[in-house]
Amino acid sequence: MLTEGISVPSLNTEFLGRDTKEAACKLLGQYICRETEEGLVSGIIIETEAYLSENDSACHAARGKSRRNATMFGPPGIAYVYFIYGNHYCFNVVTGPEGKGEAVLIRAVEPVEGLELMQKRRGEGCKINNLTSGPGKLCQAFAIDRSLDGHDLSRKPLYLKENALHKGVLSIKNTPRIGVSSAQDKPLRFIINGNAFLSR
DNA sequence: GTTAAGATCTGCT
DNA sequence: GCAGATCTTAACG
């Protein structure tokens, strides 16, 4: 039986509400965990992108609140999940002050627990480094869909967890964002330098 | 009501 | 390396 909505010993997400770029950096190296009736999967966040409310035409919230992006205007620390290209979900962490409309897209994670379950969801024989190396892929591996839109990420069945090992010893690099057709000049993508599970 | 574009992935060349 | 899949959303009529 799944214990929905139970608080877990999770990451202190206080920093998410301050600055979105800072949040994108600090989410790198932390665990993301997902529990379903099939079992637990988890991974380390290794690639993020910041989407800002001001002066950022690539952000869904750039033209005000709408039905699709309403979740982005909610309190920091909740999930914003949307469907794109007819095939894929993308998973974001809402950041910044409530009502501002900013978020951090989780683009890739390094698989840690539940590899077999991820493989089952992604397709038998799927290579390890192809399980979660992209926003659509990790949503499939983690069984993330729109039922988790607005979910509080300090609670089961989807939550962030602190990774004490990575404190302050990460080599973080920032680059332009991937896949956006505007605001390509902004270096708002953050990656753990050299990690084998990056989307590219 | 209709249409075009999109924070992507896969399979084929 | 490139085109196709596939559907939701938002903008327009």
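Below, chains carry the letters A, B, ... as their sequence lines are ordered, and counting in each starts from 1.
For Q184(A) and dG6(B), the CD to P distance is 11 Å, given to the nearest whole Å. Taking atom CZ of residue R68(A) and atom C1' of nucleotide dA5(B), one finds them 10 Å apart after rounding to whole Å. In this structure, the CG atom of N69(A) is 14 Å from the C1' atom of dG6(B), given to the nearest Å. Going from atom OH of Y51(A) over to atom P of dG6(B) covers 12 Å, rounded to whole Å.
Residue contacts shown for Y85(A) include a base, since a base heavy atom lies under 4.0 Å away. Nucleic acid contact for R177(A): none, since no nucleic acid atom lies under 4.0 Å from a heavy atom of the residue.
Checked options K21(A), K186(A), R107(A); the residue passing with E49(A) is R107(A) (criterion: salt bridge (charged side-chain N to carboxylate O under 4.0 Å, His left out)). When each of T20(A), D56(A), T48(A) is checked for a side chain to side chain contact (heavy atoms under 4.5 Å, CB included) with L188(A), only D56(A) meets the rule. A salt bridge (charged side-chain N to carboxylate O under 4.0 Å, His left out) with E35(A) is found for one member of K156(A), R155(A), K161(A) and no other, namely K156(A).
In the hydrophobic clustering of this structure, Y85(A) does not group with I106(A); members are Ile, Leu, Val, Met, Phe, Trp, Tyr whose side-chain heavy atoms approach within less than 4.5 Å, directly or through other members. The hydrophobic clustering, which links ILVMFWY residues whose side-chain heavy atoms are closer than 4.5 Å, places V112(A) and M118(A) together. Residues I46(A) and L115(A) share a hydrophobic cluster, clusters being chains of Ile/Leu/Val/Met/Phe/Trp/Tyr side chains in contact below 4.5 Å.
Put simply, chain A comes within 4.0 Å of DNA chain C, heavy atom to any atom, from dA5(C) to dA10(C), going 5' to 3'.
A donor N or O paired with an acceptor N or O is found under 3.5 Å between the base of dA7(B) and the side-chain atoms of Y82(A).
Partners of F83(A) under the ring pair (Phe, Tyr, Trp, His ring centres under 6.0 Å) rule, at least two apart in sequence or in another chain, are Y89(A). Annotation: salt bridge (charged side-chain N to carboxylate O under 4.0 Å, His left out) contacts of D149(A) (sequence neighbours excluded): none.
Comparing S66(A) and I84(A) along DNA chain C, the residue whose closest nucleotide (by nearest heavy atom) sits nearer the 5' end is I84(A).
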Would you be so kind as to tabulate the donor-acceptor pairs closer than 3.5 Å made by side chains of residues 136-144 of chain A, with sequence neighbours excluded?
{"from": "K137(A)", "atom 1": "NZ", "to": "N130(A)", "atom 2": "OD1", "distance (Å)": "2.9"}
{"from": "K137(A)", "atom 1": "NZ", "to": "S133(A)", "atom 2": "OG", "distance (Å)": "3.3"}
{"from": "Q140(A)", "atom 1": "OE1", "to": "R122(A)", "atom 2": "NH1", "distance (Å)": "2.8"}
{"from": "Q140(A)", "atom 1": "NE2", "to": "R121(A)", "atom 2": "O", "distance (Å)": "3.1"}

Atom pairs, N/O to N/O, protein against nucleotides 9-13 of chain B, distance under 3.5 Å?
{"from": "dC9(B)", "atom 1": "OP1", "to": "P135(A)", "atom 2": "N", "distance (Å)": "3.2"}
{"from": "dC9(B)", "atom 1": "OP1", "to": "G136(A)", "atom 2": "N", "distance (Å)": "3.0"}
{"from": "dC9(B)", "atom 1": "OP1", "to": "K137(A)", "atom 2": "N", "distance (Å)": "3.3"}
{"from": "dC9(B)", "atom 1": "O4'", "to": "H88(A)", "atom 2": "NE2", "distance (Å)": "2.9"}
{"from": "dT10(B)", "atom 1": "OP1", "to": "R122(A)", "atom 2": "NH1", "distance (Å)": "2.7"}
{"from": "dT10(B)", "atom 1": "OP1", "to": "R122(A)", "atom 2": "NH2", "distance (Å)": "2.6"}

(request) Kindly express the pairing pattern of DNA chain B in dot-bracket notation, using | wherever a base pairs with another strand and counting only Watson-Crick or G-U pairs under 3.5 Å. (result) ||||||.|||||.
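What you find for M72(A) and A103(A) is that their closest heavy atoms are CE-CB, 3.7 Å.
Salt bridge status for E22(A) with R18(A): present, with a side-chain N to carboxylate O gap under 4.0 Å.
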